[in-house]
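Scroll down for the structure; my scribbles are underneath it.
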Amino acid sequence: MKIGVFDSGIGGLSVARAIKKARPDIEVIFRHDMPEHFPYATKTPDEIFTFVVPVLQSLIDDGCVVIVVACNTVSTTLIGRLRQQFDIPLVAIEPMVKPAASMTKQKIIAVCATPTTLASPRYAELKELYAQGITVLEPDCEDWSRLIEQNAMTEARLRQEIEPALAAGADIVVLGCTHYHWVEEAIRQIAEGRAYVLQPEEAIINRLTQVLAQLA
Ligand code: DGL
């Protein structure tokens with residue numbers, strides 16, 4: 001069984017590795033959009049759609065039976081259109097607002113995500129559905145994916161955004177962009193004793209396992 005994992009850049013690689021580790025029985029093909037169109041962080045959904053369609057098609061042409069869209073920016077803006085375009089199951093990744101809202105004791109969460117994700121109707125819907133009565137802080141992470149892709153992210157830059165959210169009382173930090181998985185440990189250290197850091201790899205693997213079971 002062959003599956004595809006797609007992201008604009010190395011964020012998806014973190015997800016592909018986690019899937020390979022958990023499911024050594026499946027073949028995982030990772031494909032990205034570097035350096036052509038990365039970053040997607042501030043691009044419009046229409047632009048991103050034209051970038052993503054040929055890459056997903058190439059994964060299907062290569063025999064993938066499921067594609068994990070390992071990009072919150074794509075999933076939150078385009079998953080409906082992409083599901084109309086392609087016949088195979090697409091597993092989406094979106095910010096973990098629901099679990100964060102149910103876990104927070106302070107009723108304050110911080111969602112780290114790209115500007116395009118934060119501006120998406122789906123993200124607004126997640127907040128509407130699951131975060132009523134919860135304060136949702138949105139640190140300015142506009143340059144994070146680029147810095148991480150270039151291996152130029154610093155602890156100081158992370159701290160600059162995470163500290164104010166922690167000081168404001170956030171006790172859950174959501175990693176709402178797969179690039180941020182690469183700095184998860186640094187964010188955990190900054191947040192230690194004050195906030196829990198949530199990222200979706202385990203949930204994605206569970207969802208993928210369900211989807212594959214339905215195909216079998
Ligand atoms: N890794 C992507 C995400 O999960 C976005 C990175 C980018 O293209 O800026 O949102």
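Indexing begins at 1, ligand by ligand and atom by atom, following the structure's order.
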Could you check ligand 1 for N or O atoms lying under 3.5 Å from protein N or O atoms and list the pairs with distances?
{"residue": "ligand 1", "atom": "1 (N)", "partner": "D7", "partner atom": "OD1", "Å": "3.0"}
{"residue": "ligand 1", "atom": "1 (N)", "partner": "D7", "partner atom": "OD2", "Å": "3.2"}
{"residue": "ligand 1", "atom": "1 (N)", "partner": "T178", "partner atom": "OG1", "Å": "2.9"}
{"residue": "ligand 1", "atom": "1 (N)", "partner": "H179", "partner atom": "ND1", "Å": "2.8"}
{"residue": "ligand 1", "atom": "4 (O)", "partner": "N72", "partner atom": "N", "Å": "2.8"}
{"residue": "ligand 1", "atom": "4 (O)", "partner": "N72", "partner atom": "ND2", "Å": "3.1"}
{"residue": "ligand 1", "atom": "4 (O)", "partner": "T178", "partner atom": "N", "Å": "2.8"}
{"residue": "ligand 1", "atom": "4 (O)", "partner": "T178", "partner atom": "OG1", "Å": "3.3"}
{"residue": "ligand 1", "atom": "8 (O)", "partner": "S8", "partner atom": "OG", "Å": "2.6"}
{"residue": "ligand 1", "atom": "8 (O)", "partner": "Y40", "partner atom": "N", "Å": "2.6"}
{"residue": "ligand 1", "atom": "9 (O)", "partner": "Y40", "partner atom": "N", "Å": "3.4"}
{"residue": "ligand 1", "atom": "9 (O)", "partner": "A41", "partner atom": "N", "Å": "3.0"}
{"residue": "ligand 1", "atom": "9 (O)", "partner": "S145", "partner atom": "OG", "Å": "2.7"}
{"residue": "ligand 1", "atom": "10 (O)", "partner": "N72", "partner atom": "N", "Å": "3.4"}
{"residue": "ligand 1", "atom": "10 (O)", "partner": "T73", "partner atom": "N", "Å": "3.1"}
{"residue": "ligand 1", "atom": "10 (O)", "partner": "T73", "partner atom": "OG1", "Å": "2.6"}

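Minimum heavy-atom separation, R31 to V55: CG-CG1, 3.8 Å.
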Just list the side-chain donor-acceptor pairs under 3.5 Å for residues 69-76, sequence neighbours left out, or say none.
{"residue": "N72", "atom": "ND2", "partner": "G176", "partner atom": "O", "Å": "3.2"}
{"residue": "T73", "atom": "OG1", "partner": "T114", "partner atom": "OG1", "Å": "2.9"}
{"residue": "T73", "atom": "OG1", "partner": "T117", "partner atom": "OG1", "Å": "3.3"}
{"residue": "S75", "atom": "OG", "partner": "V69", "partner atom": "O", "Å": "3.3"}
{"residue": "S75", "atom": "OG", "partner": "C71", "partner atom": "O", "Å": "3.2"}
{"residue": "S75", "atom": "OG", "partner": "I93", "partner atom": "N", "Å": "3.0"}
{"residue": "S75", "atom": "OG", "partner": "I93", "partner atom": "O", "Å": "3.3"}
{"residue": "T76", "atom": "OG1", "partner": "N72", "partner atom": "O", "Å": "2.7"}

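Cluster partners of L137 are I108, counting Ile, Leu, Val, Met, Phe, Trp and Tyr whose side-chain heavy atoms approach within less than 4.5 Å, directly or via other members.
For the salt bridge (charged side-chain N to carboxylate O under 4.0 Å, His left out) test, no residue two or more places apart in sequence or in another chain qualifies with D87.
Salt-bridge check for R146 with E149: failed, with every basic side-chain N at 4.0 Å or more from each acidic carboxylate O.
Q84 and R81 are not linked by any side-chain donor-acceptor pair at a separation below 3.5 angstrom, with hydrogens and angles left out of the test.
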